Structure formats: C-alpha cells, structure tokens
Amino acid sequence: MIVIPPITDRKIRFALVGCGRIANNHFGALEKHADRAELIDVCDIDPAALKAAVERTGARGHASLTDMLAQTDADIVILTTPSGLHPTQSIECSEAGFHVMTEKPMATRWEDGLEMVKAADKAKKHLFVVKQNRRNATLQLLKRAMQEKRFGRIYMVNVNVFWTRPQEYYDAAGWRGTWEFDGGAFMNQASHYVDLLDWLIGPVESVQAYTATLARNIEVEDTGTVSVKWRSGALGSMNVTMLTYPKNLEGSITILGEKGSVRVGGVAVNEIQHWEFSEPHAMDEEIKDASYATTSVYGFGHPLYYDNVIKTMRGEATPETDGREGLKSLELLIAMYLSARDGRRVSLPLDY
Ligand SMILES: NC(=O)C1=CN([C@@H]2O[C@H](COP(=O)(O)OP(=O)(O)OC[C@H]3O[C@@H](n4cnc5c(N)ncnc54)[C@H](O)[C@@H]3O)[C@@H](O)[C@H]2O)C=CC1
C-alpha cells in the first residue's frame, strides 16, 4: 500500500498526455471537479489535437511527454494515448516522480502491465487504472446485491457485447486494430465487460476462447466468444462482436443464481431489465432510478471515477482501481487470447 502525504491545502494538479477522443471525457470530469482539481499541462504529438486541447482547457501545451514532465508541477499524469503506449509512458512518469492515471486497458501485454505496477511501487507513487463503468448506477446496485449474497450460489453468467465498429473507425488512427497498440474486440471495446467477470462474479479458474476476424481489415479479432469457469464452480460465457448490423445493439450481463435472477442490459448495461430475488430487500426500491438512457457506450462514470482519485490524493479514500486491480482484467484478457491462439483451456493465475 502506498502512503503519501495528503494534499488538502490546494487543488490536485493534473497533466494529460493524448488529447484524442476520450481525453474530452477527462476534460469534462476535471471541469466538474474544478473546486478540488485543475488541469495545468496537456501534451500531444499531433499539433491540431494539442491546439484544440489548449483552447478548450487553458492548460499549457507540450509536444512531447518528456518535455512536459521536465516542466510540469502536476501531481498526477493522465494517459489517454493509444493503449500500447501506456506501459513506457507510465514507467517514464513513475520514474520521474509522478502519480499516474492510465486509461484502460493499462497495457496490451501481460509483462508490460507487471512492469508498470513494479515501477509505480518502486517510485512509491499511485497507479490508477480507469474503470469508470464500475460506477454505473446499474452495476453499483448489482454489486451491492452480490455483496449481500442475495443470489445464493451463482450457477450461470452470460455477458453479451453486440456493438458496431465500421472499417472507418479502425482506419481513423493507425494504432487501432493492431496487436501491439490496441488489441481486439475483447481488449478494447469489451474490456469493461471482461472486468465484470472478476469484479462482480469473482476469481476465474479457467477460460476457453475462440476469436475471429470476420469482416474488418485489422490484425486483431472483431468477434470472439469465451467459456468461463469460476473458482466458485459457476459456469458462463461472454460473446463479443463489433459487426452488429447496423448499430450498437446490446451490452448486457445476466446472472442466474440459486435465489435470484438478474439481467442488466440496454446498449451498455444501462437498464435493469430483470430483477428477481427470493427475499425482498430495501435496494429493490432503487431499481427504476438506477436505469438511465445513454447516448455513449462510455457511460457517465469518468467524473465519479475522478472523485475517488481526488479523494485518494487528499487522504480521504483508498484507490478503487489501482494497478493491481487493472492487472486482474489484463490477466483474463491475455488468458483468453492464449486460449484462442492455441486452441486450449487456459487456467489462472498465469504465473506465480
Ligand atoms: N474508459 C473508456 O471507456 C475508454 C477508454 N479509451 C482508451 O483511451 C485510450 C485512447 O483512446 P482514444 O481517445 O479513442 O484514441 P485517439 O486516437 O482518439 O487519441 C489518442 C491521442 O494520443 C495522441 N498520441 C499518440 N502518440 C502519442 C505520444 N507518443 N505522445 C503524446 N500523444 C500521443 C494522438 O495524437 C491522439 O491525439 C486508449 O487506451 C483507449 O482504449 C477509449 C475510449 C473509451
């Protein structure tokens, strides 16, 4: 556990590298927390992206991460760059004495994720991994039902991610659809759903996966399916495709237990569609309010995620998802890819 002197006499200072699509959610989250946080520096190698970010945020702009680290007074560096760059950038930031908040996935390779955690530990700095979907009201309610053991024994779990990503999406940036910098439908688009397998249901014993590149011109998979056995004995599966015609159709989880059945669906786990338990509970009153309409599959969790990071920096909380928590879903993802590649069942943990 990292113990750092709390910062309570001033705002927490952030710097961000990678001013692309998701960076806007970070800018929005920081604007919402302007009473306790400020963005003071931004960096991008693309001058147009950097200019737009400087204009939106008023932060100082830099063309290279190394230059930004040499000049900034930030406490935390946010990584919103292509996924395969997170390891080297995270380690550079840790070694330069900064806390790090990295977008998901933390890395595209298992060893890289381990090195990131080691570097942050060595520097005695936090490594936060963004998992904002955990903060969806629907999933928070489901998590509470799990914690209260309302399902009894869990028998079966099914997760579906039926979304659409046209070829133009992959062609829009060179890193998309590559093994080194992105990963496929499991690792990029469905990574928050892979996270649910461990965070909601518990430790996984083994996986058996198939992946395919059926329609897009990319290195990685656009479609995949995996059978999962949990250590508790529960069985389940996860089905993912980015080829749904003609638009995003479903992002769902169904849990069938001894004393309860729940389905959270909609386009991105935003609707509680079925909620039935043998015993009533006060939380049942909250079902209607927990569902929400959404236009973005990213959800609304970034500001809530930031709240925990800011509170942690102020000494008022502990990290919700740190590097070790990030490693759990990375380990599952790598197990799935090894299984699909070699046509075999892969057991966890990957190494001891
Ligand atoms: N939490 C979530 O739900 C989401 C997370 N993400 C994650 O965020 C990350 C970025 O994704 P997008 O914003 O969609 O990508 P993007 O391609 O729109 O933006 C990436 C930006 O990084 C910049 N960049 C590339 N190399 C750089 C370098 N060496 N130094 C500085 N800047 C550099 C690019 O010029 C670009 O502006 C990925 O890891 C992705 O998986 C993306 C979407 C949703």
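Note that the coordinates shown come from a computational prediction; the quantities given were computed from them, not determined experimentally. All ligand and atom numbering here is 1-based and tracks the order in the structure.
Here side-chain hydrogen bond (donor to acceptor under 3.5 Å, both in side chains) pairs that include residues 13-28, with residues two or more places apart or in two chains, are Arg21-Tyr298, Asn24-Arg56, His26-Glu103, His26-Tyr306. Judged as a salt bridge (Lys or Arg N to Asp or Glu O under 4.0 Å), not a single pair has a partner in residues 232-244 (not counting sequence neighbours).
Between Leu142 and Val262 there is a side-chain heavy-atom pair separated by less than 4.5 Å. No side-chain heavy atom of Trp110 sits under 4.5 Å from any side-chain heavy atom of Leu333.
A distance limit of 4.0 angstrom between heavy atoms and ligand 1 selects the residues Val17, Gly18, Cys19, Gly20, Arg21, Ile22, Asp44, Ile45, Asp46, Ala49, Thr80, Thr81, Pro82, Ser83, Leu85, His86, Gln89, Glu103, Lys104, Pro105, Gln132, Trp175, Arg176, His192, Tyr298, His302.
Seen from the ring of Tyr170, Arg165 does not count as a face-on cation partner, given the 6.0 Å and 45° thresholds.
The side-chain contact (heavy atoms from CB on, under 4.5 Å) check on Asp121 picks up Ile2, Val117, Arg324, with sequence neighbours excluded.
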